[in-house]
Amino acid sequence: MEEILYEAYDPAAIKKKYDNIPHGKVRMAAIKSAIEEADMNKDVKFMIYFREDLCEESCFYGDETEMMVIFPEILNLADRYPDAPSTQFDTAYKDATEHVLWVYKWVIGRCSGFYQIPMEDCMKFFEDFKRRSIAYGFNLKPYYRLLYGFYHFDDKKSDEAFYKYERLPRDSNSNCKACDRNTEISFYLNKGNYEKAVELSGDIESFKLKCGSDNSAWLRMKISFMSYYMDNGNFEEADKIAYLLERNMNRKTEFQAWDDILRCYSYTRQGRALRVYKKHWKDWQEGTSPSDEFNKTLNVCCFWKKYRMDTGKDTVKLALDKTFPLYNEENTYNTEELYNYYYKRTEDIAVKFDKRNNADSYKKEMQETLDIQRYIKCSIVQKN
């Protein structure tokens, strides 16, 4: 990849230059070059700020691993220079430390998605964020929100964290109102309290509550409801949302819900599901985190199982390339082998997460998602 070079150090011009690059690998490379320039010029506030921009690009538009690697450098800089000011680009924060605490939430929110991070280290992240938040005068509403999300494999701890989060007032380090509302919607859907979730969804549905200037909050809410309908065998409602999502997804990686749509269409539009697979198979070979890869490969695995059940076909024509592990020049693939390939990928990740978490939630999710007959029975009950 071509190195991005700057003739003279001008942080404002550097930021303007990479802001004009589309999200993705080239922009990531440009931000890394900006970091090098700030480091060489010992411009502390931009040494921190450019790294924060790299975290944002990594978290929302690229490979989350980059954020997990760079963030400890940010903490080190914040500790060495506690009085570092904000830049002209982040004046919403009173100083660099306050902005660091905001970015810290992305890191903690994603650390559960890497089985490579031991449980002990995950808890150190949480305790460090808690300590820094208190020292800076913030309450622990974001801390408990993140803890709720982390303990998805332990209902007791997850519920306890959510109720503590719910009781605390918002302060300036809280997520936006739309993000907090989506947390509550997700919780009540997971608890089967559909009426409460619908009641909470009104302001996001009407776009009265938004996350920034795009449709991210609405997308997150729709994905939550689609998952709820799928889990309860209500394929008709799930299909309506899948169709909406197809036409309204933004460019952020966290809302590229094509694998969820694939799983939904496996039950409602088998031909369309196959077209989705053909278009996006390569994206699903490149997970942004292990948990992301788990979810994607599990949904693809579900598709191939349902495809074999519905069509009875042993082979399928696919124009895959040599990067696919089962590639063959005839472009003819055995459907059972495809299913087994994705199953093994998913199972390998599940085993590693369950070992890290000292739980069996990932293997249980695999079993439930692939129990297609259960979903079909749920669908029959829904219709009756």
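Everything quoted here is computed from the prediction, not taken from an experiment. Atoms considered below: every heavy atom in the structure, side chains included; atoms not considered: hydrogens, waters and symmetry mates.
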Requested in this report: Run the numbers on Tyr277 and Trp284 for side-chain contact (heavy atoms from CB on, under 4.5 Å), then give the verdict.
Outcome: CA-CA 9 Å; Tyr277 176 81; Trp284 299 326; 3.7 Å; yes
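- Asp180 and Arg170 are joined by a salt bridge, as a carboxylate oxygen and a charged side-chain nitrogen come within less than 4.0 angstrom of each other.
- The distance between the ring centers of Tyr228 and Tyr194 falls below 6.0 angstrom.
- Residue Lys191 qualifies as enclosed at atom NZ: its count of foreign heavy atoms under 6.0 Å is above 12.
- Between Glu160 and Lys164, at least one side-chain N (NZ, or NE/NH1/NH2) sits under 4.0 Å from a carboxylate O, which counts as a salt bridge.
- With hydrogens and angles disregarded, a donor-acceptor distance shorter than 3.5 Å links the side chain of Thr335 to the backbone of Lys313.
- A salt bridge does not link Asp354 to Lys364: none of the charged side-chain nitrogens sits closer than 4.0 Å to a carboxylate oxygen.
- A salt bridge does not link Asp203 with Lys177: every distance from a Lys NZ or Arg NE/NH1/NH2 to an Asp or Glu carboxylate oxygen is 4.0 Å or more.
- Without hydrogens or angle criteria, Thr297 side chain to Phe294 main chain gives a donor-acceptor distance under 3.5 Å.
- A donor-acceptor pair under 3.5 Å links the side-chain atoms of Gln270 to the main chain of Ser266, judged by distance alone.
- A donor-acceptor contact shorter than 3.5 Å links the side chain of Arg181 to the backbone of Leu200.
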Under 3.5 Å, side-chain donor or acceptor atoms of residues 235-244 against the rest of the protein: list the pairs with distances, not counting sequence neighbours.
unit_1	atom_1	unit_2	atom_2	d
Glu237	OE2	Lys240	NZ	3.2
Asp239	OD1	Thr268	OG1	2.7
Asp239	OD1	Arg269	NE	2.9
Asp239	OD2	Arg269	NE	3.3
Asp239	OD2	Arg269	NH2	2.7
Tyr243	OH	Arg247	NH2	3.0

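- For the pair Lys305 (side chain) and Leu370 (backbone), a donor-acceptor distance under 3.5 Å is present.
- A side-chain donor-acceptor contact under 3.5 Å links Ser224 to the backbone of Arg220.
- Of the charged side-chain nitrogens involved, at least one lies within less than 4.0 Å of a carboxylate oxygen, so that Lys222 and Glu205 count as a salt-bridged pair.
- Within the 3.5 Å criterion, the main-chain N or O of Gly202 finds a donor-acceptor partner in the side chain of Ser206.
- Contact check on Lys352 versus Asp348 returns no salt bridge, with no Lys/Arg side-chain nitrogen under 4.0 Å from an Asp/Glu carboxylate oxygen.
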Query raised in the report: Stepwise, does the side-chain hydrogen bond (donor to acceptor under 3.5 Å, both in side chains) test hold for Lys94 with Ser86?
Result: CA-CA 7 Å; Lys94 65 182 181 181; Ser86 300; over 6 Å; no
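- Between Trp258 and Val276 the shortest heavy-atom distance is O-CG1, 3.9 Å.
- Test Tyr144, Tyr165, Tyr163 against Phe187 for ring-ring contact (aromatic ring centres under 6.0 Å, His included) and you get one pass: Tyr163.
- If you check the side chains of Asn357 and Tyr115, you find no donor sitting under 3.5 Å from an acceptor.
- Here the closest non-hydrogen pair linking Ala96 and Glu52 is O-OE2, 4.0 Å.
- Remark: Pro325 pairs with Gln285, Tyr341 by the side chain to side chain contact (heavy atoms under 4.5 Å, CB included) rule, at least two apart or across chains.
- Of all heavy-atom pairs between Tyr267 and Met230, the closest is CD1-CE, 3.7 Å.
- A salt bridge between Arg263 and Asp259 is absent, with no side-chain N of the basic residue lying under 4.0 Å from a carboxylate O of the acidic one.
- With hydrogens and angles ignored, the 3.5 Å screen pairs a side-chain donor or acceptor of Asn328 with a backbone N or O of Asn331.
- Within a 6.0 Å sphere centred on CG of Asn76, other residues, nucleotides and ligands contribute more than 12 heavy atoms.
- Using a cut-off of 4.0 Å between Lys/Arg side-chain N and Asp/Glu carboxylate O, Asp39 and Arg51 are scored as salt-bridged.
- A salt bridge is absent between Asp63 and Lys25: the closest approach of a Lys/Arg side-chain nitrogen to an acidic carboxylate oxygen does not fall below 4.0 angstrom.
- Minimum heavy-atom separation, Asp214 to Cys211: OD1-O, 3.2 Å.
- Asn232 contributes no side-chain N or O that, together with a main-chain N or O of Asn234, makes up a donor-acceptor pair within less than 3.5 Å.
- For Glu127 and Tyr143, the side-chain atoms include at least one donor-acceptor pair closer than 3.5 Å.
- Look at Lys124 and Glu120 and you find a salt bridge, because one of the NZ, NE, NH1 or NH2 atoms lies within 4.0 Å of a carboxylate O, short of that distance.
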Query - Audit row: Lys282, Thr323, side-chain contact (heavy atoms from CB on, under 4.5 Å) steps and yes/no - result: CA-CA 8 Å; Lys282 199 175 183 77; Thr323 63; 3.0 Å; yes
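- Of all the heavy atoms in Arg132 and Leu101, the pair that sits closest is CB-CD2, 3.7 Å.
- For the residue pair Asp260 / Asn299, a side-chain donor-acceptor distance below 3.5 Å is found, with atom types taken as modelled.
- For Lys156 and Tyr151, the side-chain atoms include no donor-acceptor pair closer than 3.5 Å.
- For the 3.5 Å distance criterion, the side chains of Gln367 and Tyr362 fail to qualify, holding no donor opposite an acceptor.
- Seen from the ring of Phe89, Lys15 counts as a face-on cation partner, given the 6.0 Å and 45° thresholds.
- A salt bridge links Glu66 to Lys32: one of the charged nitrogens lies within less than 4.0 Å of a carboxylate oxygen.
- In this structure, Phe60 has its ring center closer than 6.0 angstrom to the ring center of Trp106.
- Comment: Asp19 does not engage Lys16 in a salt bridge, judged by the lack of any side-chain N to carboxylate O separation of less than 4.0 angstrom.
- In this structure, Pro72 and Met68 approach most closely via the heavy-atom pair CD-O, 3.3 Å.
- Using modelled atom types, one finds a donor on one side chain and an acceptor on the other under 3.5 Å when comparing Thr87 with Asp90.
- Remark: aromatic rings of Phe162 and Tyr148 are close, center separation under 6.0 Å.
- Cation-pi geometry between Lys279 and Trp281 is not satisfied (NZ or CZ under 6.0 Å from the ring centre, within 45° of the ring normal).
- Taking the centre of each ring, Tyr49 and Tyr93 stay at or above the 6.0 Å mark.
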Requested in this report: Evaluate side-chain hydrogen bond (donor to acceptor under 3.5 Å, both in side chains) for Asp95 paired with Tyr136, printing each intermediate quantity in order.
Outcome: CA-CA 11 Å; Asp95 57 24; Tyr136 211 72; 2.4 Å; yes
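- A donor-acceptor pair under 3.5 Å is formed between the side chain of Arg356 and the backbone N or O of Phe114.
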